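Note that the coordinates shown come from a computational prediction; the quantities given were computed from them, not determined experimentally. Below, chains carry the letters A, B, ... as their sequence lines are ordered, and counting in each starts from 1.
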Protein chains: 2
Amino acid sequence: MAKRPPTIPDSELDVLKVLWDLGQATVREALETLRAAGRQWSYATVATLLDRLESKGLVTSDRRELAFVYKPVISGQEVRQKRVNSLVDKLYQGEPGLLVLHLLKSHPLDPDQAKEVRSVLDQMMGEKSRKKER
Amino acid sequence: MAKRPPTIPDSELDVLKVLWDLGQATVREALETLRAAGRQWSYATVATLLDRLESKGLVTSDRRELAFVYKPVISGQEVRQKRVNSLVDKLYQGEPGLLVLHLLKSHPLDPDQAKEVRSVLDQMMGEKSRKKER
DNA sequence: GACCTTGTTAGACAACTGTCTTAGGATACA
DNA sequence: TGTATCCTAAGACAGTTGTCTAACAAGGTC
């Protein structure tokens with residue numbers, strides 16, 4: 001029974017996000033930030049979560065003066081990438097296009113974003129058609 | 001300590017997918033399908049998973065002759081919807097556009113899909129600009 | 001020195017997941 | 001009728017997640 005690969009559960013993700021925002025934080029700083037954002041956790045809970053993140057190798061800690069300072073090792077970009085890939089694999093037959101379609105159909109974009117999306121798309125199509133041109 | 005809302009773990013999702021594909025299935029049918037797809041599970045494992053799905057209200061069972069026949073109650077569409085929403089909320093600040101951009105940038109679409117995406121987008125932009133036109 | 005305040009550590013504990021073993025009820029066929 | 005099949009039921013058991021209590025160390029304060 002192979003050990004499961006490490007995942008990032010919701011609660012850990014919440015504290016990781018704080019580290020991305022602040023760059024680094026002590027338990028107490030993270031706690032304050034999370035409290036401000038509505039999470040009613042105890043100090044020990046946050047400490048545990050940071051600890052678990054560290055055993056998974058996703059953050060590092062560095063003792064400074066009184067308290068440990070935690071820094072993210074994994075970036076938001078990486079986490080997003082993994083999550084999206086896994087979603088596409090599991091629910092969109094590995095076809096990112098299906099997910100894009102789904103998103104556009106069910107969530108209207110605001111005009112600025114729509115424009116940006118279009119330009120990315122045009123660029124992509126431009127290359128493709130220049131390349132195939134049969 | 002509020003009970004956590006029911007989720008659909010990976011293993012359950014795999015059997016649910018079989019139900020979506022086949023429309024309905026007995027434990028054995030699901031097992032065969034999963035085996036064919038490479039999942040090396042025992043009969044009892046599949047039975048347990050279907051059972052858990054049923055307690056979560058995501059499938060129903062109906063005794064036919066020998067065995068129970070399970071049918072999905074929740075659709076693939078619904079599950080996709082929820083997953084996408086939660087991904088967007090958790091990692092894209094609730095902005096679906098960011099996810100769309102990310103997808104387009106990191107996963108090139110094939111031309112047919114690109115075309116389809118563009119048409120959906122054009123339609124959307126058409127409405128918007130007609131509507132705001134200030 | 002006796003006490004707070006902050007911090008860390010260890011561990012508790014229930015719910016959820018991933019998998020399976022085993023016991024027991026039907027069905028089927030020799 | 002006995003035995004091989006196939007099914008459900010019950011529950012085991014370890015690993016993960018969500019959250020916390022409680023013990024204990026180090027730095028100030030009176």
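Side-chain atoms of B:Arg4 come within donor-acceptor range of the base of D:dT17, with a qualifying N/O pair under 3.5 Å.
Among the protein residues, A:Arg64 comes within range of no part of the nucleic acid, since none of its heavy atoms lies under 4.0 Å from any strand. In this structure, B:Ala44 reaches the bases: a heavy-atom distance under 4.0 Å links it to at least one base atom across the strands shown. Looking at heavy-atom distances under 4.0 Å, A:Phe68 makes contact with sugar-phosphate atoms alone, never a base. Using a 4.0 Å heavy-atom distance criterion, B:Thr48 is classed as a base contact.
Using a 4.0 Å cut-off, some side-chain N or O of B:Thr45 falls inside it from OP1 or OP2 of C:dC20. Side-chain N/O atoms of B:Trp41 include one lying less than 4.0 angstrom from OP1 or OP2 on C:dT19. For the pair B:Thr7 and C:dT17, the criterion of a side-chain N or O lying under 4.0 Å from OP1 or OP2 is met. B:Lys56 has no side-chain polar atom (N or O) that falls below the 4.0 Å cut-off from OP1 or OP2 of C:dA15. Residue B:Tyr43 places at least one side-chain N or O closer than 4.0 Å to OP1 or OP2 of D:dC7.
When all heavy atoms of A:Ala114 and B:Leu121 are compared, the pair lying nearest together is O-CD2, 4.1 Å.
Distance check: B:Ser86 OG to B:Gln81 CD gives 11.5 Å after rounding to the nearest 0.5 Å.
Regarding B:Glu65, its CD atom lies at a distance of 12 Å from the P atom of D:dT8, rounded to whole Å. Across the protein-nucleic acid pair, A:Ile8 atom CD1 and D:dG18 atom C1' stand 16 Å apart, rounded to whole Å. Between the CD atom of A:Glu54 and the C1' atom of C:dT9 there is a distance of 13 Å, given to the nearest Å. Rounded to whole angstrom, the span from the CD atom of B:Glu29 across to the P atom of D:dT8 amounts to 11 Å. Following rounding to the nearest Å, B:Asp10 (CG) and D:dT16 (P) show an atom-to-atom distance of 14 Å. When rounded to the nearest whole Å, the span between CG of B:Leu16 and C1' of C:dT17 equals 16 Å. Whole-Å rounding puts the B:Leu53 CG to C:dT17 C1' distance at 12 Å. Counting to the nearest Å, the P atom of D:dA9 and the CG atom of B:Leu50 are 12 Å from each other.
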(message) Between B:Thr48 and B:Thr45, is the side chain to side chain donor-acceptor pair (under 3.5 Å) condition met? List the steps.
(response) CA-CA 5 Å; B:Thr48 299; B:Thr45 299; over 6 Å; no
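The existence of a salt bridge linking B:Arg39 and B:Asp14 is confirmed by a sub-4.0 Å separation between a basic side-chain nitrogen and an acidic carboxylate oxygen.
Listed candidates were D:dT8, D:dT17, C:dT19. Nearest to the side chain of A:Arg52 is D:dT17. Of the candidate nucleotides C:dG18, D:dC7, C:dT19, D:dC7 has the atom nearest to the side chain of B:Arg28. Closest to the side chain of B:Pro9, out of C:dT9, D:dT17, C:dT17, is C:dT17.
Place A:Ser11 and A:Leu66 on DNA chain D by their nearest nucleotides, and A:Ser11 ends up nearer the 5' end. Comparing A:Glu12 and B:Val69, the nucleotide of DNA chain D nearest to each residue sits closer to the 5' end for B:Val69.
Applying the ring-ring contact (aromatic ring centres under 6.0 Å, His included) definition to pairs two or more places apart or across chains, those involving residues 43-96 of chain B are B:Tyr92-B:His102.
With sequence neighbours left out, the salt bridge (charged side-chain N to carboxylate O under 4.0 Å, His left out) criterion links B:Lys56 to B:Glu12.
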